[in-house]
Amino acid sequence: MGFEDQRFNVNLSILFTELPLLERPAAAAAAGFTAVELWWPWIDSPTPERSELDALRKAIEDAGVQLTGLNFYAGRLPGPDRGALSLPGAESERFRANIDVAADLAGSLGCKALNALYGNRVDGVDPAEQDALALENLVLAARAADRIGAILLIEALNRPESPRYPLVSASAAVEVADRVDAASGLGNARFLMDLYHLSMNGEDLPSVIDRYASRTGHVQIADNPGRGAPGTGALPLADLLDRLRKAGYDGWVGLEYKPGDRPSAEAFDWLPR
């Protein structure tokens, strides 16, 4: 169990970033992975040219890997932004313009999970107004995900690194997923359980797993401190993944960690072969 009995996919927005985007799927395949996930790759454009979308699709198909997760447009990520869907005005409109573009790309590649980052609090805007806008946009996203047979993921981040992001606990993210399900009637909103972010928040990870495994649609890992590969920090990740398995989670585990001062291809020596 532990690492032995897991399905790992690699996040190409944090690993293999020393390579151009279109070379990363093949690099992941060469490293032994059969599945990949991505943040929205075009941070400046929620609606890139068709040729750019087609080129990424072809790179993934040619590499022979499965796209298992894709973020909706979330602003500058990595960078100061933490999502767009709760930001009144232009960013909310950019998120809405992206919904069908992201869903169509995911659907064309058989991707069954779309992640919607909530967005930071905005000075001078009532949080209740942001939450109402967020729910409206998340229902639209849930409908688009449902159209391609996918789930909608709601992620908790961590307060030290994202102090203006309102979803900084497992319970907060699950509550939003529950509200989306109630408003949409679709039942396809799920919790994205990122063990690194939750540990940074000081949560009791075994308790979170026991309580929320049944609401979890995807898991991501990195060690803490440092957000490096398993074994570079102090998190008992093998034990935690074992606990998730026993709690009924049998989905993908996304590797969303920094490779450190080495090429990404060398950052998987902890994996069982």
Side-chain angles (χ1 to χ4, degrees), residues 7 9-13 21-22 24-25 28 33-43 45-75 77 83-85 92-119 134-155 173 176-194 215-220 249-254 256:
R7 293 193 299 164
N9 69 324
V10 62
N11 189 300
L12 297 182
S13 298
L21 174 65
L22 299 183
R24 296 177 204 170
F33 291 95
T34 61
V36 299
E37 63 185 38
L38 279 164
W39 304 341
W40 185 248
W42 299 278
I43 61 174
S45 177
T47 55
E49 295 293 329
R50 171 62 60 185
S51 60
E52 294 183 85
L53 294 163
D54 289 344
L56 178 57
R57 182 184 299 107
K58 184 176 187 301
I60 291 171
E61 291 174 340
D62 287 352
V65 292
Q66 174 66 47
L67 182 68
T68 55
L70 178 67
N71 283 18
F72 288 107
Y73 169 78
L77 188 71
L85 62 92
S92 172
E93 292 305 316
R94 286 160 74 86
F95 177 82
R96 291 191 184 194
N98 173 250
I99 289 175
D100 282 333
V101 177
D104 288 346
L105 176 61
S108 71
L109 289 164
C111 175
K112 299 300 183 184
L114 289 161
N115 185 26
L117 285 171
Y118 202 82
L135 182 59
E136 189 176 319
N137 282 335
L138 285 168
V139 167
L140 295 175
R143 290 172 180 161
D146 182 68
R147 173 171 61 81
I148 64 165
I151 58 173
L152 175 70
L153 295 170
I154 309 295
E155 183 174 8
V176 169
D178 288 344
R179 288 201 295 271
V180 174
D181 279 348
S184 72
L186 296 171
N188 67 337
R190 299 283 189 278
F191 175 41
L192 195 168
M193 183 186 291
D194 186 310
R215 290 292 283 125
T216 298
H218 185 48
V219 171
Q220 291 174 333
Y249 180 78
D250 62 356
W252 291 97
V253 175
E256 197 184 50

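As a basis for the values below, the full set of heavy atoms in this structure was taken, side chains included, without hydrogen atoms, waters or symmetry mates. Position 1 is the first residue of the sequence; numbering continues from there.
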Novice: Under 3.5 Å, side chain of Q66 to main-chain N/O of L109, donor-acceptor pair present?
Specialist: yes
Novice: Side chains of L56 and L21: closer than 4.5 Å at any heavy-atom pair?
Specialist: yes
Novice: With rounding to the nearest 0.5 angstrom, report the CZ to OG distance, R179 to S184.
Specialist: 13.0 Å
Novice: Strictly below 4.0 Å, N to O, side chains only: are D104 and R147 in salt-bridge contact?
Specialist: yes
Novice: Is R143 paired with D146 through a side-chain N to carboxylate O contact shorter than 4.0 Å?
Specialist: no
Novice: Find out whether V101 and P46 are in side-chain contact, i.e. whether some heavy atom of one side chain is under 4.5 Å from a heavy atom of the other.
Specialist: no
Novice: Which heavy-atom pair separates C111 from A150 by the least distance, and what is that distance?
Specialist: O-CB, 4.1 Å
Novice: Could you state the interatomic distance from CG (L70) to CG (L114), rounded to the nearest 0.5 Å?
Specialist: 6.0 Å
Novice: Are side-chain heavy atoms of L153 and I151 found at a separation under 4.5 Å?
Specialist: yes
Novice: Say whether E155 and H218, considering side chains only, have a donor N or O and an acceptor N or O under 3.5 Å apart.
Specialist: no
Novice: Using a 3.5 Å distance criterion without hydrogens, assess whether the side chain of K112 forms a donor-acceptor pair with backbone atoms of I148.
Specialist: yes
Novice: Does T68 reach the main-chain N or O of A35 with its side chain, forming a donor-acceptor pair under 3.5 Å?
Specialist: no
Novice: Indicate yes or no: at least one non-hydrogen side-chain atom of L85 is less than 4.5 angstrom from one of Y118.
Specialist: yes
Novice: Checking N188 side chain against L152 main chain: does a donor-acceptor pair fall under 3.5 Å?
Specialist: no
Novice: Are the side chains of I60 and V65 in touch, meaning some heavy atoms are under 4.5 Å apart?
Specialist: yes
Novice: Quick check: closest heavy atoms across I43 and L77, and the distance to 0.1 Å?
Specialist: CG2-O, 3.6 Å
Novice: Could you pull out the closest heavy-atom pair between A189 and D181, with the gap in Å?
Specialist: N-OD1, 2.9 Å
Novice: How long is the straight-line distance from CG of L38 back to CZ of R24, given to the nearest 0.5 Å?
Specialist: 8.0 Å
Novice: Minimum heavy-atom separation for I154 to A173, with atom names?
Specialist: CG2-O, 3.7 Å
Novice: Is any side-chain heavy atom of N137 less than 4.5 Å from a side-chain heavy atom of R96?
Specialist: yes
Novice: Among E37, Q220, E256, whose side-chain contact (heavy atoms from CB on, under 4.5 Å) with N9 holds?
Specialist: E37
Novice: Indicate whether any N or O donor in one side chain lies under 3.5 Å from an N or O acceptor in the other, for T47 and N98.
Specialist: no
Novice: So, N115 versus N71: side-chain donor-acceptor pair below 3.5 Å or not?
Specialist: yes
Novice: Quick one: are Y249 and V219 in side-chain contact, heavy atoms under 4.5 Å?
Specialist: yes
Novice: Going through the checks in order, is the side-chain contact (heavy atoms from CB on, under 4.5 Å) test met by W42 and L53?
Specialist: CA-CA 10 Å; W42 299 278; L53 294 163; 3.7 Å; yes
Novice: For a 4.5 angstrom cut-off between non-hydrogen side-chain atoms, does N11 reach W39?
Specialist: yes
Novice: When you look at V36 and L12, which way does the side-chain contact (heavy atoms from CB on, under 4.5 Å) test go after all the steps?
Specialist: CA-CA 7 Å; V36 299; L12 297 182; 3.8 Å; yes
Novice: Output yes when a side-chain donor or acceptor of W40 lies under 3.5 Å from a complementary backbone atom of S45, and no otherwise.
Specialist: yes
Novice: Within the side chain of R215, is there an N or O that forms a donor-acceptor pair under 3.5 Å with the backbone of R190?
Specialist: no
